[in-house]
Amino acid sequence: MSTVSEHPFPLDLWSEAVYSRRSIPVTLATGGYAAEPEPPEPDAHPAGTGYPLPPPPLRLAPVPPPADAGLADPSVLAALLHYSFGLFQHDLTPGGWPLHRAVASARCLYPSELYLVSPDPRGGPAEVQRYDPLHHRLDPVRGSRGVGSPGRSRFLVITSRFARTARLYGGYAPRLCAQEAGMLLGSVHLVAAALGLRARPGLDREALLGLCDGWLTPGAEHPMGYLEVGPDADAPLPWVPEDLAGALRARHSGAAIFDPAPVAAPKAMLDELGSALAGAPFSDVSCHLYLRRVDDLPPGRYGYTGDQPHLLHAEDPVPALEQIGRTEGRVSLNFRAVAVTAYLSVARGPAVARHGADAFRRLHLIAGAVAHLLCVVAARHGQSARVHNGYDAAAAGRLLGLTGTDETVLFQIAVGAAKPAPGFRLPVVF
Ligand SMILES: Cc1cc2nc3c(=O)[nH]c(=O)nc-3n(C[C@H](O)[C@H](O)[C@H](O)COP(=O)(O)O)c2cc1C
């Protein structure tokens, strides 16, 4: 598991994980975990040591003035942490995946962690607390001034414990972990904006390492990204939908096999996706769409011109989708029944030239942030969005007309009128 510890993103991960999926081990086919002993969990905080947070509100609305209090207000913190990272549903089906969070996760393995890092205004070490979504509380990691201590800027720091996912996915884990971390970054940014907080997502490696300095267990947990929240975090205003809380509660990825009801999605969903893309935290992600059934729009391949979907090629998208969307030679999901399939691409070449191996983290982060927005938009229109890595990145590039460009597809997301598996999914209420 050398990719997991010392060098989290070696350059050959692109060919191994994005282009060939060769590093997926047999444990995935059998569904069993790797036989190696479970890695120690140095983050396991003894029960009852954390600071309980107030119950999250039913709806998300801008914090009334003085909004400057920001994350020093425990109820704002509770709303932000719960709606961006918290537990939303509990599945009681025997053998099912019991816990579902605000953000999707490959097989609900949840490698990501979220920390609140509050720099000391007097220049001492920053206070660090870990959000525990199971108990909806903050656990002290370093310093313990309690919930709601004052301070100017705060940072939500996203890390990833690759080993949680690697026990099933082996060397493919860094890819899944980087994708999820990006989705989480999109999530905290969106919820912060809905609360009216000034927030700026950050990718910078030096700043990230600085925020994690002195408290993060090296090797076991990888720094992935951060969101700065506070009066200095000046950034363009992102898209914020009405009743975001309701949309997040409605969000899900469908059943084990994505096989939605073959009904049309409303065109308003694509219009809103255009607004979300225009207000996404990072603009250098391209969204390519295959429309199969959307009210008032002919089937075909689409891109976005500004915030409007734009027909590039009228066609029945199923043959292309069934070429691209394959796992081990078999079609990955029922593309004949989906409404829309989105492919998110990024400019890989310039990023590798500039950032070397770290381009892997950065690009998955920016694409992931957009992927989460797409899931939220789908949920607002009664649709389910399924992130699915069973696709051939080279075929996607070819059929989407990206050959000869620097663009690489990092996400395939199918959208349709699917439901979770028939079981008991109970809402989690704090
Ligand atoms: C990065 C990522 C990769 C995923 N890859 C696959 C995949 O290859 N195949 C699949 O069936 N589901 C995939 N999923 C979907 C997850 O299994 C699904 O999100 C999870 O069951 C959580 O369900 P929920 O979103 O309804 O809570 C992926 C999800 C994420 C976030």
Give a yes or no answer on whether the side chain of [X] reaches the backbone of [Y] with a donor-acceptor pair at less than 3.5 Å.
X: T341; Y: Y290; answer: no
X: R198; Y: P231; answer: yes
X: R292; Y: A337; answer: no
X: S23; Y: A17; answer: no

Over all heavy atoms of both residues, which pair between [X] and [Y] is shortest? Give the atoms and the distance, please.
X: A79; Y: P57; answer: CB-CD, 3.5 Å
X: L184; Y: S112; answer: CD2-CB, 3.7 Å
X: C375; Y: V387; answer: SG-CG2, 4.4 Å
X: D271; Y: P309; answer: OD1-CD, 4.0 Å
X: P119; Y: V117; answer: CD-O, 3.5 Å

Rounded to the nearest 0.5 Å, how far apart are [atom1] of [X] and [atom2] of [Y]?
X: L374; Y: I413; atom1: CG; atom2: CD1; answer: 4.5 Å
X: T327; Y: R21; atom1: OG1; atom2: CZ; answer: 5.0 Å
X: L248; Y: R101; atom1: CG; atom2: CZ; answer: 14.5 Å
X: L270; Y: D296; atom1: CG; atom2: CG; answer: 11.0 Å
X: L410; Y: R348; atom1: CG; atom2: CZ; answer: 9.5 Å
X: L114; Y: I158; atom1: CG; atom2: CD1; answer: 6.0 Å

With a 4.5 Å cut-off on side-chain heavy atoms, are [Y] and [X] touching?
X: L80; Y: P56; answer: no
X: L273; Y: V340; answer: no
X: T165; Y: F162; answer: no
X: F411; Y: M183; answer: yes
X: S384; Y: F258; answer: yes
X: S345; Y: L402; answer: yes
X: I324; Y: F335; answer: no
X: S160; Y: P111; answer: yes

Please tabulate, for the side chains in residues 236-246, all donor-acceptor contacts under 3.5 angstrom to protein atoms that are two or more places apart in sequence or on a different chain.
{"unit_1": "D243", "atom_1": "OD1", "unit_2": "R59", "atom_2": "NH1", "d": "3.4"}
{"unit_1": "D243", "atom_1": "OD1", "unit_2": "G246", "atom_2": "N", "d": "2.9"}

Looking at residues at least two apart in the chain, or sitting in another chain, which of them share a salt bridge (charged side-chain N to carboxylate O under 4.0 Å, His left out) with E407?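 Applying salt bridge (charged side-chain N to carboxylate O under 4.0 Å, His left out) to E407 gives none.
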Would you say the side-chain atoms of [X] and [Y] include a donor-acceptor pair closer than 3.5 Å?
X: H252; Y: Q89; value: no
X: R249; Y: Y83; value: yes
X: H288; Y: R301; value: no
X: S253; Y: R386; value: no

From the list Y131, W215, F155, ring-ring contact (aromatic ring centres under 6.0 Å, His included) with Y115 holds only for W215
Does the cation-pi check pass for R164 over Y110, that is, NZ or CZ under 6.0 Å from the six-membered ring centre and within 45° of its axis?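 No; the conditions do not both hold, so R164 does not lie above the ring face of Y110.
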Walk me through whether D139 and R130 qualify under salt bridge (Lys or Arg N to Asp or Glu O under 4.0 Å). CA-CA 5 Å; D139 287 330; R130 169 184 170 270; 3.4 Å; yes
Centroid separation H82 to F430 less than 6.0 Å: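 Yes, the ring of H82 comes within the 6.0 Å limit of the ring of F430, centre to centre.
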Under the rule for side chain to side chain contact (heavy atoms under 4.5 Å, CB included), what residues qualify as partners of A199, not counting sequence neighbours? H189, A192, L227, V229
